Amino acid sequence: MINALGIPQHLLLLGGTSDIALAIAEAYAGRSPGLHVTLAARPGPRRDAAVVRLDALGCRTDAVDFEATETATHSRVVGGISTDIDIAVVAFGLLGDPETAWTDIDVARELAEVNYVGAVTTGVALGARIRAQGHGVVVALSSVAGERPRRSNFVYGSTKAGMDAFYTGLGEAVRELGGRVLVVRPGFVRSSMTEGLDAAPLATTPEAVAEAVVDAVRDGKEQIWVPGTMRIVMSGLRHVPRSIFRRLPI
Ligand SMILES: NC(=O)c1ccc[n+]([C@@H]2O[C@H](COP(=O)([O-])OP(=O)(O)OC[C@H]3O[C@@H](n4cnc5c(N)ncnc54)[C@H](OP(=O)(O)O)[C@@H]3O)[C@@H](O)[C@H]2O)c1
């Protein structure tokens, strides 16, 4: 169970090699000696390195295989974890090349399958888990890109819009089961996903997202933007006429 300070005993990272997910695990590890972390991720050197990194912080770290596109396995992966899941972080995702993404069917389909379909089937499995446990918090890493999709990366934005809507709704559904969903909408985060790209205005770090998540879980929030000022920016941008929006340098 999560304690009164919002600290979990067992954290599940779906997309267990994600820079943001690992920063969240590190933030909790610093507050909870001996934290149990399960990394659900594709096997390989990146996952092995993540296990070593968390073990070095005093975590008890397990790794389980997880492939976002293998939707038929998601119930088994989430349901097969023997210890109660206090917080599950849904962190897997692909950015992809934005121009290829709207011109190549296979690339578009992969983005949709990983970021949306896989997120939905994982969410269904997490909902079942909350029902069985009677508690649990899901942290869903959405994006401001889904709030008002831009010409520059609208395929990614569309997948995040869909997953954001799903997890917002899941939050309503699991409330009556003792659960909660926190939807996190970061702006540009300097991580492996954005390596080599020019940083957007208000760019942030995985560590800043992690601290915002820890605070929001503790405070019982259901939706946050990171940085917080992004909420004001996006509420304005949502209402800018399309003819102007398309000319903005974002
Ligand atoms: N970075 C940003 O600017 C930003 C902004 C807003 C939201 N987000 C969202 O935050 C989340 C984490 O992103 P990040 O910045 O931490 O990026 P990251 O370090 O690149 O992490 C992406 C994760 O997705 C996993 N993944 C990709 N395809 C997968 C598949 N088919 N099956 C299983 N796992 C798969 C990767 O696993 P492998 O190691 O196996 O490749 C990795 O764990 C993503 O959902 C992203 O959309 C990021």
Side-chain angles (χ1 to χ4, degrees), residues 12-27 37-51 53-54 63-74 77-78 88-96 98 101 106-107 109-123 138-147 149-150 152-153 155-164 166-167 182-210 212-213 223-227 230 234 250:
L12 167 65
L13 307 182
L14 290 145
T17 59
S18 139
D19 290 341
I20 298 175
L22 288 169
I24 293 171
E26 289 193 352
V37 184
T38 300
L39 302 179
R42 297 185 285 196
R46 203 178 171 198
R47 190 178 81 181
D48 296 343
V51 172
R53 181 173 153 186
L54 293 179
V64 297
D65 292 354
F66 172 77
E67 165 55 58
T69 58
E70 289 177 6
T71 53
T73 65
H74 292 174
V77 171
V78 172
V89 182
V90 180
F92 56 88
L94 285 177
L95 182 59
D106 290 333
V107 175
R109 192 191 60 226
E110 186 186 18
L111 277 183
E113 284 181 354
V114 173
N115 294 357
Y116 179 66
V117 179
V120 168
T121 51
T122 303
V138 176
V139 175
L141 292 176
S142 174
S143 171
V144 296
E147 276 198 89
R150 292 167 287 149
S152 56
N153 72 346
V155 178
Y156 173 78
S158 72
T159 64
K160 286 301 192 182
M163 77 85 77
D164 190 299
F166 174 83
Y167 278 92
L182 169 66
V183 173
V184 183
R185 294 178 179 165
F188 186 103
V189 183
R190 292 187 187 87
S191 72
S192 304
M193 181 172 274
T194 56
E195 205 176 329
L197 301 179
D198 291 337
L202 299 177
T204 188
T205 61
E207 291 72 27
V209 177
V213 165
Q223 192 175 45
I224 56 166
W225 285 254
V226 189
M230 198 53 102
M234 293 312 298
I250 52 172

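Remember, it's 1-based here, ligands and their atoms both numbered in the order they're listed. Residues: numbered from 1 along the sequence shown. All of these numbers come straight from a predicted model, not from anything done at the bench.
- Considering all non-hydrogen atoms of both residues, A140 and M163 come closest at CB-CE, 4.4 Å.
- Although no hydrogens or angles enter the test, the distance criterion places no donor-acceptor pair under 3.5 Å between the side chain of H74 and the main chain of T69.
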Query raised in the report: Are L39 and L22 close enough, and set up right, to give a side-chain contact (heavy atoms from CB on, under 4.5 Å), and what steps lead you there?
Result: CA-CA 9 Å; L39 302 179; L22 288 169; 4.2 Å; yes
Donor-acceptor list for residues 109-117 side chains, cut-off 3.5 Å, not counting sequence neighbours:
| from | atom 1 | to | atom 2 | distance (Å) |
| --- | --- | --- | --- | --- |
| R109 | NH1 | D106 | OD1 | 3.4 |
| N115 | OD1 | L94 | N | 2.8 |
| N115 | ND2 | L94 | O | 2.9 |
| N115 | ND2 | T159 | OG1 | 3.2 |

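- Residues that satisfy the side chain to side chain contact (heavy atoms under 4.5 Å, CB included) test with E26, not counting sequence neighbours, are R53, L54, L57.
- At a heavy-atom cutoff of 4.0 Å, ligand 1 is surrounded by G15, T17, S18, D19, I20, R42, R46, F66, E67, A68, A91, F92, G93, L94, V114, L141, S142, S143, Y156, K160, P186, G187, F188, V189, S191, S192, M193, T194.
- Residues passing the ring-ring contact (aromatic ring centres under 6.0 Å, His included) test with F92 are F66, sequence neighbours excluded.
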